[in-house]
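Numbers restart at 1 for each chain; the letters A, B, ... are given by sequence-line order, proteins then strands. Computed from heavy atoms alone, side chains included, the values below leave out hydrogens, waters and symmetry copies.
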Protein chains: 2
Amino acid sequence: MESKNSLESRLRAAGRRMTPQRKLILSILDQTGDHLDAEEVYRRAKQQNSNLNIATVYRTLSILKDMELIEQRYFARDHNVEYYESVNKGEHYHFTCLGCRKIIEVETPKIVQVQKEFSALTGAKFTHACVCFEGYCANCVNDEENLTL
Amino acid sequence: MESKNSLESRLRAAGRRMTPQRKLILSILDQTGDHLDAEEVYRRAKQQNSNLNIATVYRTLSILKDMELIEQRYFARDHNVEYYESVNKGEHYHFTCLGCRKIIEVETPKIVQVQKEFSALTGAKFTHACVCFEGYCANCVNDEENLTL
DNA sequence: TTGCTATTGCGAATCAATTGCAATAGCTGT
DNA sequence: ACAGCTATTGCAATTGATTCGCAATAGCAA
Ligand SMILES: [Mn+2]
Ligand SMILES: [Mn+2]
Ligand SMILES: [Zn+2]
Ligand SMILES: [Zn+2]
């Protein structure tokens, strides 16, 4: 189990401890292809460890994010809730459909290009980009047009 | 005063009323080139109307945003606070320096290109994009490298 | 096993933003 | 100018995701 060892050694390297809670929470995000908020991670994890507390979920998500094992995202226009996904999936961005709430992943090199251009121009160094799109997916475009009549 | 009439007629068209509070709050955002959060808008507006309440500021910002007279933004990685700016400035994006907290505006056609490509590919329709970059500006890059030693 | 301390569960706290409500003030029509 | 309707305001209380303090617990190195 490569990811378990990787997790353990990376935790150790940061002076942290391996706990069943951390293993569990990372495994949930590694296995699902979805984007989960803390509440949903908690719901799923609790099925396997009924003693788990949501504060532990928040603390663990924060650590896994710092260790760059998971990515934190915002979706939709009002960023009230934080979502998480495994980093395994590589660089991509997100489109949220206001009709069906589906999240579609967008792959493009153009965002990185923007960063490179701006770096070259100003000397700035990028550490993070938050990009999220909102609109109506192909299935929902028509419904939306009817609504605005 | 073109913008005042524009505001008044646009409010009327939406079945809303013109109030001194709304005039004041929009004028603050129209005059400054800055990005202000509700608290700062409130602080500035209160100097001209000491009776003003912050709930009114929040409500007004929300309405002006819906009417597309101002833009709501998030900055930095943790989107705790919402900032606002006038729409007059046209399409642009933002880079936040983690060193000096300066916000640098980024102009590029590439974000719109991403949207067009994705629309052509999938048939989706975009209504909004939230793009924010984070890193270190040219002045702060060196300091940051020294810190990580 | 023991001892050190990182981590957990739990409840309370945060804090930007929202909401319910009674009083007020725009606006329309007279 | 006035009356009546109702959108808007000020105020106080609430929300809700996230964070924090703390005592009990559990990793892990020796
Ligand atoms: Mn994704
Ligand atoms: Mn701007
Ligand atoms: Zn849809
Ligand atoms: Zn800087």
(request) Figure out the OH/P separation between B:Tyr42 and C:dC15, and round it to whole Å. (result) 18 Å
(request) Quickly work out the B:His79 NE2 to D:dT18 C1' distance and round it to whole Å. (result) 16 Å
(message) So for the helix from C:dT1-D:dA30 to C:dT30-D:dA1, with five pairs setting each end axis, what is the inter-axis angle to 10°?
(response) 40°
(message) Tell me whether B:Glu8 is salt-bridged to B:Lys23, with the criterion being a basic N under 4.0 Å from an acidic carboxylate O.
(response) no
(request) Whole angstrom is fine here: how far is it from CG in B:Asn80 over to C1' in C:dT18? (result) 17 Å
(message) If you compare all heavy atoms of A:His35 against all heavy atoms of A:His94, which two are closest, and at what distance to 0.1 Å?
(response) NE2-NE2, 3.0 Å
(message) Checking one residue: A:Ile104. Which other hydrophobic residues are in its cluster under the side-chain 4.5 Å linking rule?
(response) A:Tyr93, A:Phe95, A:Val106, A:Ile111, A:Val112, A:Val114, A:Phe118, A:Phe126, A:Val131, A:Phe133, B:Tyr93, B:Phe95, B:Ile104, B:Val106, B:Ile111, B:Val112, B:Val114, B:Phe118, B:Phe126, B:Val131, B:Phe133
(request) Locate the shortest heavy-atom distance separating A:Phe75 from A:Thr96; write the atom from each residue and the value. (result) CB-OG1, 3.7 Å
(message) Between C1' on C:dC15 and CG on B:Asp78, what's the gap in Å once rounded to a whole number?
(response) 13 Å
(message) Under a 3.5 Å distance rule, please check whether B:Ser119 uses its side chain to pair with a backbone N or O of B:Ala124 as donor and acceptor.
(response) yes
(message) Under 4.0 Å, heavy atoms only, any strand: does A:Glu39 hit a base, just the sugar-phosphate, or nothing?
(response) nothing
(request) Summarise how protein sits on nucleotides 24-30 of chain D as a single string, 5' to 3': B when a protein heavy atom is under 4.0 Å from the base, S for sugar-phosphate-only contact, - for no contact. (result) --BBSS-
(request) Just jot down the side chain to side chain contact (heavy atoms under 4.5 Å, CB included) partners of B:Thr32, sequence neighbours excluded, or say none. (result) B:Asp34, B:Leu36, B:Arg44
(message) How many whole angstroms separate atom NZ of A:Lys23 from atom C1' of C:dT8?
(response) 16 Å
(request) Can you sort out which residues in residues 50-72 of chain B have a heavy atom within less than 4.0 Å of DNA chain C? Ascending by number, please. (result) B:Ala55, B:Tyr58, B:Arg59
(request) Any pair with a residue in residues 67-92 of chain B that passes salt bridge (Lys or Arg N to Asp or Glu O under 4.0 Å), sequence neighbours left out, goes on the list, sorted by first then second residue, please. (result) B:Arg73-B:Glu85, B:Glu85-B:Lys89, B:Lys89-B:Glu105
(message) Test your reading of the model: is there a side-chain donor-acceptor pair from B:Arg10 to the backbone of B:Leu69, 3.5 Å cut-off?
(response) no
(message) Whole angstroms only, please: what is the CG-P distance between B:Asn49 and D:dT8?
(response) 17 Å
(message) Taking the side chain as everything from C-beta on, heavy atoms only, tell me whether B:Leu7 gets closer than 4.5 Å to B:Leu64.
(response) yes
(request) Rounded off to whole Å, could you give me the OH-to-P distance for the B:Tyr74 and D:dA17 pair? (result) 14 Å
(request) Decide yes or no for A:Arg17 and A:Leu11: does some side-chain heavy atom of the first lie under 4.5 Å from some side-chain heavy atom of the second? (result) no
(request) Locate the shortest heavy-atom distance separating B:Ile70 from B:Tyr84; write the atom from each residue and the value. (result) CD1-CD2, 3.5 Å
(request) Take atom CG of B:Leu11 and atom P of D:dA7, then tell me their distance rounded to the nearest Å. (result) 14 Å
(message) Quick check on C:dA6: is either OP1 or OP2 less than 4.0 Å from any side-chain nitrogen or oxygen of A:Arg22?
(response) no
